[in-house]
Q: 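Please read through the structure below; I'll follow up with questions.
The model shown is predicted, which means the values in this text are computed figures rather than measured ones. Proteins come first, then strands; the chains are lettered A, B, ... in the order of their sequence lines, and each starts at number 1.
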2 protein chains.
Amino acid sequence: MTSERTYHHGDLRRALLTAALDVVAADGPDALSLRDLARRAGVSHAAPAHHFKDRAGLLTAVAAEGYALFADTLADAPDLRERGVAYVRFATRHPAHFQVMFRPELYRADDPALLTAKARATETLRAGISTLPDAAHGEDPRLTGVAAWSLAHGFATLLLTGNLSDALEGRAPEDAFRALAGLVFAPGAAEEP
Amino acid sequence: MTSERTYHHGDLRRALLTAALDVVAADGPDALSLRDLARRAGVSHAAPAHHFKDRAGLLTAVAAEGYALFADTLADAPDLRERGVAYVRFATRHPAHFQVMFRPELYRADDPALLTAKARATETLRAGISTLPDAAHGEDPRLTGVAAWSLAHGFATLLLTGNLSDALEGRAPEDAFRALAGLVFAPGAAEEP
DNA sequence: CGCCGGATCTAGCCATTGACAAGATACCGG
DNA sequence: CCGGTATCTTGTCAATGGCTAGATCCGGCG
């Protein structure tokens with residue numbers, strides 16, 4: 001057991017982060033209260049400050065962890081389409097990370113650790129474009145990148161905000177996105193039997 | 001002048017809404033404080049409660065107004081592509097409305113007025129799909145709709161979170177999206193001279 | 001004209017929160 | 001064994017949302 005009841009918690013930082021992820025996944029980042037996290041961890045209301053300085057500090061840590069996880073996840077996908085599917089899957093499996101990552105006003109976007117993780121994720125995303133057959137590149141590959149990113153991000157966002165629940169009709173989001181991506185990026189060619 | 005300094009404000013409701021839009025556009029919905037709005041309007045800290053009940057009530061009004069405006073804007077666009085452009089334009093011109101609309105945890109999503117406005121917007125969006133040439137419909141037109149929606153929504157969202165600033169290189173967002181949409185939905189055919 | 005009821009706004013209060021400061025306690029290296 | 005530092009606690013303050021009770025204004029009706 002990691003928390004017996006000593007003066008020192010053992011791994012308060014991790015405990016607070018985990019509790020924060022729970023809260024955010026359940027009720028969104030706005031519902032997150034440092035004092036509530038402290039209560040959950042069984043420490044005093046000022047204990048979190050020592051590890052994260054303030055609310056923004058905690059959320060910076062969440063975002064940084066999210067970007068790192070994100071980069072790992074994306075790197076595992078073979079081609080652009082599966083990378084999009086991984087994007088959507090990440091959003092559904094790690095909704096707390098995802099939500100915080102894309103609300104920069106919540107954290108310190110200039111944090112070094114966060115910037116490194118984010119750069120890695122961005123690079124992975126960019127690399128995915130090159131897996132497209134040359135014909136599918138527009139004149140401007142950068143624009144193609146933005147298109148792919150927008151498609152995946154929009155789908156994930158709409159999904160998390162509950163705007164797709166009726167359109168999907170119980171279908172697994174990832175499968176729906178796979179079909180949708182094929183529809184858009186490889187018209188009439190990439191449908192699997 | 002609409003506010004001379006009487007006991008009754010004249011149009012406090014509108015004044016509060018307008019002030020709220022300013023704050024949200026500048027610093028996001030989290031920065032919004034009922035007491036601050038009251039101060040801006042020169043009324044007591046409890047005055048807003050009479051018009052909006054509570055914070056969620058005020059944001060419900062913002063979202064409802066947003067969906068109504070949104071439906072009007074989308075209806076003016078001739079085809080699907082321009083409807084997407086209008087989607088992006090709406091996000092840039094009415095960032096406060098847009099942000100609130102797509103954060104349902106901030107307001108009462110079952111509000112009748114809001115539901116009507118939202119239904120109208122959704123219907124307008126759905127109708128846009130039928131302007132596509134038949135060939136572009138996938139087997140499942142509903143999936144095509146989700147694809148179009150995701151593309152526009154993702155682009156708008158990434159834009160507002162500052163994630164596209166470098167990829168666009170000073171280009172006007174609407175133009176960038178127009179090019180991008182042509183690239184995706186009418187491959188090689190719809191490029192304008 | 002007078003007055004009454006409802007709409008609008010004010011004043012006061014309480015619990016909760018984030019942030020800060022000062023002090024207590026536990027752990028670690030020498 | 002001892003001093004220093006990291007970790008945690010206690011106490012405090014201003015700001016906020018939300019509630020209740022009361023003041024003020026407006027319009028209609030006798």
Q: Would you say a side-chain N or O of B:Ser33 is under 4.0 Å from OP1 or OP2 of D:dA15?
A: no
Q: Who pairs with A:Arg108 by salt bridge (charged side-chain N to carboxylate O under 4.0 Å, His left out), at least two apart in sequence or on another chain?
A: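 A:Arg108 satisfies salt bridge (charged side-chain N to carboxylate O under 4.0 Å, His left out) with A:Asp54 once adjacent residues are dropped.
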Q: Nearest whole Å is fine: how far is C:dA7 P from B:Leu12 CG?
A: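 Computing the B:Leu12:CG to C:dA7:P distance gives 16 Å.
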Q: What residue pairs, at least two apart or across chains, pass ring pair (Phe, Tyr, Trp, His ring centres under 6.0 Å) with a residue in residues 52-76 of chain A?
A: A:Phe70-A:Tyr87, A:Phe70-A:Phe90
Q: For B:Thr161 and A:Pro104, work out which heavy atoms get closest and say how close.
A: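 Nearest heavy atoms, B:Thr161 then A:Pro104: O-CG, 3.6 Å.
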Q: Measure the distance from CG on A:Leu37 to P on D:dC8 and round it to the nearest whole Å.
A: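 For the pair A:Leu37 CG and D:dC8 P, the rounded distance is 14 Å.
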Q: Reckon A:Arg39 has a side-chain N or O less than 4.0 Å from the OP1 or OP2 of C:dT17?
A: yes
Q: If I take atom CG in residue A:Leu32 and atom C1' in nucleotide C:dT16, what distance separates them, rounded to the nearest angstrom?
A: 15 Å
Q: Could you pull out all residues at least two apart from A:Arg93 that satisfy side chain to side chain donor-acceptor pair (under 3.5 Å)?
A: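 Counting only residues at least two positions away or on another chain, A:Arg93 forms no side chain to side chain donor-acceptor pair (under 3.5 Å).
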Q: Determine the minimum heavy-atom distance between B:Leu12 and B:Ala47, stating which atoms define it.
A: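 Scanning both residues completely, I find the closest heavy atoms to be CD2-CB, 3.9 Å.
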Q: Do A:Asp30 and A:Arg103 have side chains that get closer than 4.5 Å, going by heavy atoms?
A: yes
Q: Between the protein and nucleotides 10-13 of chain D, are there any N/O to N/O pairs under 3.5 Å, and if so, what are the atom names and distances?
A:
unit_1	atom_1	unit_2	atom_2	d
D:dG11	O6	A:His45	NE2	3.4

Q: Under a 4.5 Å cut-off applied to non-hydrogen side-chain atoms, are A:Phe102 and A:Thr157 in contact?
A: no
Q: When rounded to the nearest 0.5 angstrom, what distance separates CG in A:Leu17 from NE2 in A:His51?
A: 10.0 Å
Q: What's the shortest heavy-atom distance between A:Leu58 and A:Leu34, and which atoms?
A: CD1-CD2, 4.4 Å
Q: Separation of A:Leu34 atom CG from C:dT17 atom C1', in whole Å?
A: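 Taking atom C1' of C:dT17 as the reference, CG of A:Leu34 is at 9 Å.
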Q: Among residues 49-63 of chain A, which contact DNA chain D at a heavy-atom distance under 4.0 Å?
A: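 Those residues are A:His50, A:His51.
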Q: Minimum heavy-atom separation for A:Leu180 and B:Leu143, please, with both atom names.
A: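 Scanning both residues completely, I find the closest heavy atoms to be N-CD2, 3.9 Å.
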Q: Below 4.0 angstrom, which residues in residues 100-111 of chain A have at least one non-hydrogen atom near DNA chain D?
A: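 Contacting residues: none.
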Q: Kindly indicate whether the side chain of B:His153, heavy atoms from C-beta on, has any atom under 4.5 Å from the side chain of A:Asn163.
A: no
Q: Take atom CG of B:Leu16 and atom P of D:dG17, then tell me their distance rounded to the nearest Å.
A: 12 Å
